[in-house]
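The shown structure was predicted, so the numbers you read here are calculated from the model rather than taken from an experiment. Sequence positions, counted from 1, serve as the residue numbers for this chain. Counting starts at 1 for both ligands and their atoms, in listed order.
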Amino acid sequence: MLFTSVLAGLALAGAASARVEDLPRHLRLAYRDLVNTTSTNGNNASLPKIVYFGTGGTIAGSSGSATAVTGYQAGALGVQTLIDAVPEIINITNIIGIQFANVASDQMNTTLTMQLSRNISEYLAADDVVGAVVSHGTDTLEETAIMLDLTIKSDKPVVIVGAMRPATAISADGPYNLLQAVSLATYPGAAGRGTMITLNDRIGSAFYTTKTNPRSLDTFKAYEQGYLGNFVGATPRFWYEPAKVLNKPYFDVTNFTTLPHVAILYAYEDMALDVPLVSAAIASGVKGLVIAGSGDGGTDSTWNRQFQSLCANASVAMVVSTRTGDGSDAPDGDSSPTISANSLNPEKAKIMLQLSLAKNGYNITAIKKDFDSDYPTLG
Ligand code: ASP
């Protein structure tokens, strides 16, 4: 029954194609892995029940060498193997494991992550399920995390976890990270905090936490907003009462299988030479563009003038973020044609813009309101 509901969900994601062979590669992979999957239940029905969706990544990665931390195959091991590697998990939870996909995170996309969101919501609606865990490749983990944060209404904890060393490495970080994620999803004090990212003993908000280093285990950080808490062993310890991002919008993705196409453009010296990139993006059919601006959303003024007029003529929404890796852009006034990403980095702003465009269409005032969530004074 559990298995069937996920299968039905994925079939929905690829509803436009009649046959599995016609699906894009990432959906075929997800479908194939799902077909080969069995759902797993922990032993003790008296323990809190959680649902665990495996999607692949380094946490499920395998290499022929115990010292290799590059060049391994991400998404090689299934959820059952990952759970079996940490027997302590079934001492604290009655776990339902579901192989949603088994891919490196570059194969995840918004069609899949909206489907994941719907599947999680479906499970969290059950009275006896107390929380959800997702394991994911770390490269795009924060994008899936903000998608879940913006589209799941439940107050039950949703925890997304990854690892920086493949499961076959000496001192692999995945098993402990997974145990902590499961522990967090069953922890009563974790409710009402939105989707959380956890790796390396830290608990962060999905809205703000970002990958800051391609190698280090301590890579997920939110410098400006900080962590929500940490772990002592496998026990979560929060710094604050349950809190959510101020005025965070909610997007209902029940009926979406795809989102409007949004691309990201990066700011740099000499970018005035590259106005054709804007034209090419518009010609490719984007409905929105996010600028990873220098400093406070800065771009070359010649480029910016042409950018604004090309986008306005094509009704393409313009969001301005920062390439600095932290902080927020000054909010744009109501009359500005551009939309400030506020505290969202470019990749998170892209997800927000896609969801906002799907909800509002090309309505700049409404899109600004979604982005102004942590600047409520602009209303
Ligand atoms: N390339 C891997 C992925 O994102 C990296 C990781 O999981 O850490 O799937």
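- Near Thr138, the atoms of ligand 1 lying under 4.0 angstrom from a non-hydrogen atom of the residue are 3 (C), 4 (O), 5 (C), 6 (C), 7 (O), 8 (O).
- Heavy-atom proximity to Ala104, at under 4.0 Å, picks out these atoms of ligand 1: 9 (O).
- Counting the atoms of ligand 1 from 1 in the order shown, those under 4.0 Å from a heavy atom of Gly57 are 7 (O), 9 (O).
- Within a 6.0 Å radius of CG in Asn313, more than 12 heavy atoms belonging to other residues, nucleotides or ligands are found.
- A distance of 11.0 Å separates OG1 of Thr144 from CG of Asp139, quoted to the nearest 0.5 Å.
- Taking only non-hydrogen atoms, the option from Val69, Thr58, Asp139 nearest to atom 6 (C) of ligand 1 is Thr58.
- With hydrogens left out, the protein atom closest to atom 9 (O) of ligand 1 is Ser105 N, 2.8 Å, a heavy atom.
- Using a 4.0 Å cutoff on heavy atoms, Ala163 counts as a contact of ligand 1.
- Of all non-hydrogen atoms in Phe53 and Ile120, the two that sit nearest each other are CE1-CG1, 3.6 Å.
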May I have the list of side-chain donor-acceptor pairs in residues 195-202 shorter than 3.5 Å, sequence neighbours left out?
unit_1	atom_1	unit_2	atom_2	d
Thr195	OG1	Asp149	N	3.3
Thr198	OG1	Arg202	O	2.8
Asn200	ND2	Asp218	OD1	3.2
Asp201	OD1	Gln180	NE2	2.7
Arg202	NE	Asp218	OD1	3.3
Arg202	NH2	Asp218	OD2	3.0

Let me have the donor-acceptor pairs involving side chains of residues 262-291, under 3.5 Å, with sequence neighbours excluded, atom names and distances please.
unit_1	atom_1	unit_2	atom_2	d
Tyr268	OH	Asp274	OD2	2.7
Ser284	OG	Ala281	O	2.7

